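Here the structure comes first, spelled out in C-alpha cells, and everything after it is commentary.
Because the structure is predicted, anything quoted here is derived from the model rather than measured. The chains referred to below are lettered A, B, ... by the order of the sequence lines, with proteins before strands, and numbering in each begins at 1.
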Amino acid sequence: MKIATWNVNSLTARLQHVLDWLIANPVDVLCLQELKMSDDKFPLDVLQSAGYNAAVFGQRTYNGVAILSLAPIRDIGKNIGGFADDHSRVISATIDTRSGPLRIVNGYFVNGQAPGTEKFAYKMSWLRALRDWLREELAAHPRLTLLGDFNIAPEDRDSFDPVGLAETIHHTTEEREHFKSLLQLGLVDSFRLFEQPEKSYSWWDYRMLGYQKNRGLRIDHILVSETLVPQAKGCVIDRVPRKWDKPSDHAPVILEIDP
DNA sequence: ATGGCACTGGCACAGTGA
C-alpha cells in the first residue's frame, strides 16, 4: 500500500491538481497540509466521488490539514494533546490494514519565520509538545507514521545551500535537534532507508526560478515507527506536479509499505 | 542586503509562507 503527503498551498487553488494526481497515483492514503479553508468549504463530495474517505481539520485563510483514505477512517484526533493551539496543524486517525491497525499522524509543522522571533519560539514549544504527545501516541499505537510538512531540513544534504543558509530557518541546530528527538522516540526517516538521488528536495521557492535551478529543501517527511521499518518498500518524491501550471511549491512524498 | 512569487480576504494591499 502507498501513503503520501503533500502540502498543496490552498486546496481551493489546487483541487484539480490533487484530483489529477490521484488518478495517476491512486495511493491508499493522502495527507494534505495548508488547506487554507474552513471545514464547510472542504470538497468532500468530489473527493468521495474519487473514492476517498476524509478526515478534515480546516481553518480559514491559514493552515488546515486532512487525511484522505480509500479505507475507512476511525478514531480521529485533532492537534497535539495537552497543547492549546489556535492553529489547525495536526490531524491523526487510524485505518485498518491486513497487518493490523495503522495510526496516521499528519502534521503541518510551524514555519517559525526566523530564529529570535516570537514565531520561532512558538515553533520550539510546538515541537516540544509534539514530541511529548507522540511518546504517548507511540505507546498506544506501535504501528504509527508521522508525516507532513515538517518545515525542517534535517541534514545539510537536505538543503541546496547548507553553508549560505546555515542557522537560518529550517536549518538551525535547534530545529534539527527537535527532529532528532522525534527519531529518538523510535521513528525512522523512511526516505533515507533507500538509495536516493543527490540533491533530492520536496520544496522549491516560487521566486528566482527556484525549481528550474533545483534550489530546494527537503522539508516534507514520512517517519515510520521501528516496527514498520521491515515493511517499508520504498520512499520517493514525485516532482511531476511541481512542473504543472500554477503548482504548489511542495511536491508529494510517497511511501510504499507491505499491506 | 533586499526582493524575487503565490495565496487569502476582500477589492487595496497587508500578512504569511519557506
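- Within the structure, every side-chain polar atom (N or O) of A/Arg207 is placed at least 4.0 Å from both OP1 and OP2 of B/dG17.
- Applying side-chain hydrogen bond (donor to acceptor under 3.5 Å, both in side chains) to A/Asp158 and the options A/Arg192, A/His221, A/His171, A/Lys199 leaves one that passes, A/Arg192.
- Whole-Å rounding puts the A/Asn9 CG to B/dA18 P distance at 8 Å.
- Aromatic ring centroids of A/Trp244 and A/Trp21 lie 6.0 Å or more apart.
- At B/dT16, none of the side-chain N or O atoms of A/Thr61 fall inside 4.0 Å of OP1 or OP2 (strictly under the cut-off).
- Remark: aromatic rings of A/Tyr108 and A/His87 are distant, center separation not under 6.0 Å.
- Atom CG of A/Asn63 is separated from atom P of B/dT16 by 11 Å (rounded to the nearest Å).
- Only one option out of A/Trp204, A/Tyr201, A/Trp203 pairs with A/Arg242 in a side chain to side chain contact (heavy atoms under 4.5 Å, CB included); it is A/Trp204.
- At the heavy-atom level, A/Arg14 lies under 4.0 Å from the strands shown only through sugar-phosphate atoms.
- The listed nucleotides are B/dT8, B/dT16, B/dA18; the one nearest the side chain of A/Ile219 is B/dA18.
- For B/dG17, the OP1/OP2 oxygens have no side-chain nitrogen or oxygen of A/Lys36 closer than 4.0 Å.
- The side chain of A/Glu34 lies closest to B/dA18 when the candidates are B/dA18, B/dT8, B/dG3.
- OP1 or OP2 of B/dA18 lies within a sub-4.0 Å distance of a side-chain N or O belonging to A/Tyr108.
- Of the side-chain N and O atoms in A/Asn7, one or more sit less than 4.0 angstrom from OP1 or OP2 of B/dA18.
- B/dT16 and B/dG4 are spaced 16 Å apart, taking the C1' atom of each and rounding to whole Å.
- Taking atom P on both nucleotides, B/dA1 is separated from B/dA6 by 25 Å, rounded to a whole Å.
- Of the candidate nucleotides B/dC7, B/dG17, B/dG15, B/dC7 has the atom lying nearest to any side-chain atom of A/Lys246.
- Contact annotation: A/His170 does not reach the phosphate of B/dG17 (side-chain N/O to OP1 or OP2, under 4.0 Å).
- Comparing B/dA18, B/dT8, B/dG3 by their closest approach to the side chain of A/Ser10 singles out B/dT8.
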